[in-house]
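Quick notes on the structure that follows.
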Amino acid sequence: MKEHFAFRHVIIAVILFLGVLWSFGSAAQDKADYPNKQFVADARWVRDHMEDKDVVVVDVRRDKYFDDRVIPGAIRMPWSEFRFNDIGNNLGSLFRGVKQAQQILGRHGIAPTDTVVLYDSVQRDGGATASYVFWILDVMGHENKKILKRGIDAWIDAGYETADQPRQAEPFTYQAASEQIRKHLLIDADFIYRRLGDFYYQIVDVRSREEYLGEMGSKGVDGTPLKLGHIPTAVNVNYQDAWTDPETKDIKSYTELQNLYKGLDPAKGVIVYCASGRRSSFSYFVLRLMGFENVYTYEASWEEWGRPDRFLPVETAENELTGDFLPQPAKMTGSVQSAGDDPAASRPKGGEAAGGYVSCGG
């Protein structure tokens, strides 16, 4: 009887011990750092480093969303300065190009070696415009860049003072090293069309579920209704799902992001798109934060692909990420490439994907 009693105590002790180990493991996992944690900053980091001579804090908000409050010492460089409307091709809000981007960066006193801290506001999607400039800096091969999570709201919530005027920076000649410029990240509809069916590429539609399924439409620059649906084979992961909640719009933990993108293979290329490239730039940033290397933003997005005069296939059938593995960071050979390189250029150019087509345009 005593032996039985002692055995029960041993079993209970083992169960309790395993429970403690599990709780510690879960806590450690929840606190796991982003693989590219250098891409984010909190308000305290900005406060502690804002006087560093090589740190440039940048308010990217457009006038429409600017409230005359800036982080002290910050410059203003509205993200929309990097975009133009291609009226001739009926496309809106496209990247001006590498040459013009260098001019803009230099005009605002930014050097290629600076650590650029970008911020917007919770009102403007909590990073979904700062992320557009992040993407441009990635194209330029600008290594040191960060986004302030929750933007100026995080600064104010931390109790730090604001200024009512941005700093006027002295112009600088920004010259990116040609071997660092990643022009291969600038993709168009033809790039994607020739790769439909190529298993190397994974396509992620970051719009709302209603837009993805063709239950809600949109219009082109000239007001023409665009086709309904999504790019064939694309899965839907709404860019807003990377927020902890719609009020604070903080970025989810690494563990939560792994579960959000469960089944996405970081060893392959990932193409993200939305309607005009703004929302997809945020998903681009999140995937880069997670350690994904070969990520592409299809900037023209649905404004180009969904045009009725373009013979591009669309579908409304829902595709889902498959597989139980959680994405892990993948440092792939040649992930930072010279202009024009494509990590899967030598792979066969796949044909059209099957299933669920609504139209090929026209």
On the six-membered ring of [Y], is [X] placed so that its NZ or CZ lies under 6.0 angstrom from the centre and within 45° of the ring axis?
X: Arg288; Y: Tyr34; answer: no
X: Arg207; Y: Trp302; answer: yes
X: Arg76; Y: Phe66; answer: yes
X: Lys146; Y: Phe39; answer: no

Which heavy-atom pair separates [X] from [Y] by the least distance, and what is that distance?
X: Ala267; Y: Tyr200; answer: O-CE1, 3.9 Å
X: Gly217; Y: Leu228; answer: CA-CD2, 3.5 Å
X: Ala158; Y: Ala43; answer: CB-CB, 4.1 Å
X: Ser131; Y: Phe285; answer: CB-CB, 3.9 Å
X: Val56; Y: Arg167; answer: CG1-NH2, 4.0 Å
X: Leu312; Y: Ala189; answer: CD1-CB, 3.9 Å

Taking the side chain as everything from C-beta on, heavy atoms only, tell me whether [X] gets closer than 4.5 Å to [Y].
X: Thr224; Y: Pro308; answer: yes
X: Trp45; Y: Met50; answer: no
X: Asp114; Y: Asn144; answer: no
X: Trp135; Y: Phe95; answer: yes
X: Phe82; Y: Gln100; answer: no
X: Phe134; Y: Leu118; answer: yes
X: Asn36; Y: Met290; answer: no
X: Pro313; Y: Leu196; answer: yes

Can [X] and [Y] be counted as having a side-chain donor-acceptor contact under 3.5 angstrom?
X: Asp188; Y: Tyr298; answer: no
X: Asn238; Y: Tyr212; answer: no
X: Glu299; Y: Tyr132; answer: yes
X: Asp33; Y: Tyr254; answer: no

Nearest 0.5 Å, what's the [atom1]-[atom2] distance between [X] and [Y]?
X: Leu226; Y: Arg310; atom1: CG; atom2: CZ; value: 12.0 Å
X: Ile136; Y: Arg83; atom1: CD1; atom2: CZ; value: 8.0 Å
X: Gln38; Y: Leu289; atom1: CD; atom2: CG; value: 8.5 Å
X: Leu257; Y: Leu326; atom1: CG; atom2: CG; value: 11.5 Å
X: Glu315; Y: Lys227; atom1: CD; atom2: NZ; value: 12.5 Å
X: Ile192; Y: Ile203; atom1: CD1; atom2: CD1; value: 6.0 Å

[Y] backbone acceptor or donor facing [X] side chain under 3.5 Å:
X: Glu303; Y: Ala300; answer: no
X: Glu170; Y: Gly109; answer: no
X: Gln258; Y: Pro327; answer: yes
X: Ser301; Y: Cys274; answer: yes

Is it possible for you to say whether [X] and [Y] belong to one hydrophobic cluster, with membership spreading through side-chain heavy-atom contacts below 4.5 Å?
X: Val235; Y: Ile187; answer: yes
X: Tyr239; Y: Tyr284; answer: yes
X: Trp155; Y: Met77; answer: no
X: Trp79; Y: Leu148; answer: no
X: Val98; Y: Phe172; answer: no

#### Entry: From CA spacing to verdict: side chain to side chain contact (heavy atoms under 4.5 Å, CB included), Trp243, Gln240
CA-CA 6 Å; Trp243 297 335; Gln240 296 177 337; 3.6 Å; yes

### Name of the residue among Thr244, Asp157, Asp250 meeting side-chain hydrogen bond (donor to acceptor under 3.5 Å, both in side chains) with Arg150
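Result for side-chain hydrogen bond (donor to acceptor under 3.5 Å, both in side chains) with Arg150: Asp157.
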
Would you call [X] and [Y] a salt bridge, using N to O less than 4.0 angstrom?
X: Glu211; Y: Arg279; value: yes
X: Arg61; Y: Asp67; value: yes
X: Asp245; Y: Lys249; value: no

### Task
Applying salt bridge (Lys or Arg N to Asp or Glu O under 4.0 Å), run through Asp125 and Arg278 and close with a yes or a no.
CA-CA 10 Å; Asp125 273 4; Arg278 180 185 67 84; 3.0 Å; yes

### Residue pair Thr129, Asp120: steps toward the side-chain hydrogen bond (donor to acceptor under 3.5 Å, both in side chains) verdict
CA-CA 7 Å; Thr129 53; Asp120 45 32; 2.7 Å; yes

### Task
Would you please test Phe292 and Leu264 for side chain to side chain contact (heavy atoms under 4.5 Å, CB included) and show each step?
CA-CA 10 Å; Phe292 284 71; Leu264 200 65; 3.9 Å; yes

### Query
Does CZ belonging to Arg96 count more than 12 external heavy atoms closer than 6.0 Å?
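Counting other residues, nucleotides and ligands, CZ of Arg96 exceeds 12 neighbours.
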
### Task
Could you give me the CA-CA distance, side-chain angles and deciding distance for Trp305 and Val314, then say whether side chain to side chain contact (heavy atoms under 4.5 Å, CB included) is met?
CA-CA 8 Å; Trp305 195 277; Val314 300; 3.9 Å; yes

### Task
For a side-chain contact (heavy atoms from CB on, under 4.5 Å) with Leu105, tell me which candidate from Val116, Thr173, Leu137 qualifies.
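The side-chain contact (heavy atoms from CB on, under 4.5 Å) with Leu105 is passed solely by Leu137 among Val116, Thr173, Leu137.
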
### Task
Please assess Arg209 against Glu215 for the test salt bridge (Lys or Arg N to Asp or Glu O under 4.0 Å), listing each intermediate value before the final yes or no.
CA-CA 8 Å; Arg209 179 174 174 79; Glu215 298 171 355; over 6 Å; no

### Message
One pair to check against ring-ring contact (aromatic ring centres under 6.0 Å, His included): Tyr201 and Phe191. What are the steps and the verdict?
### Response
CA-CA 11 Å; Tyr201 290 94; Phe191 177 96; 5.8 Å; yes

#### Entry: Worked check of side chain to side chain contact (heavy atoms under 4.5 Å, CB included) between Tyr174 and Ile110
CA-CA 7 Å; Tyr174 188 104; Ile110 297 173; 4.2 Å; yes

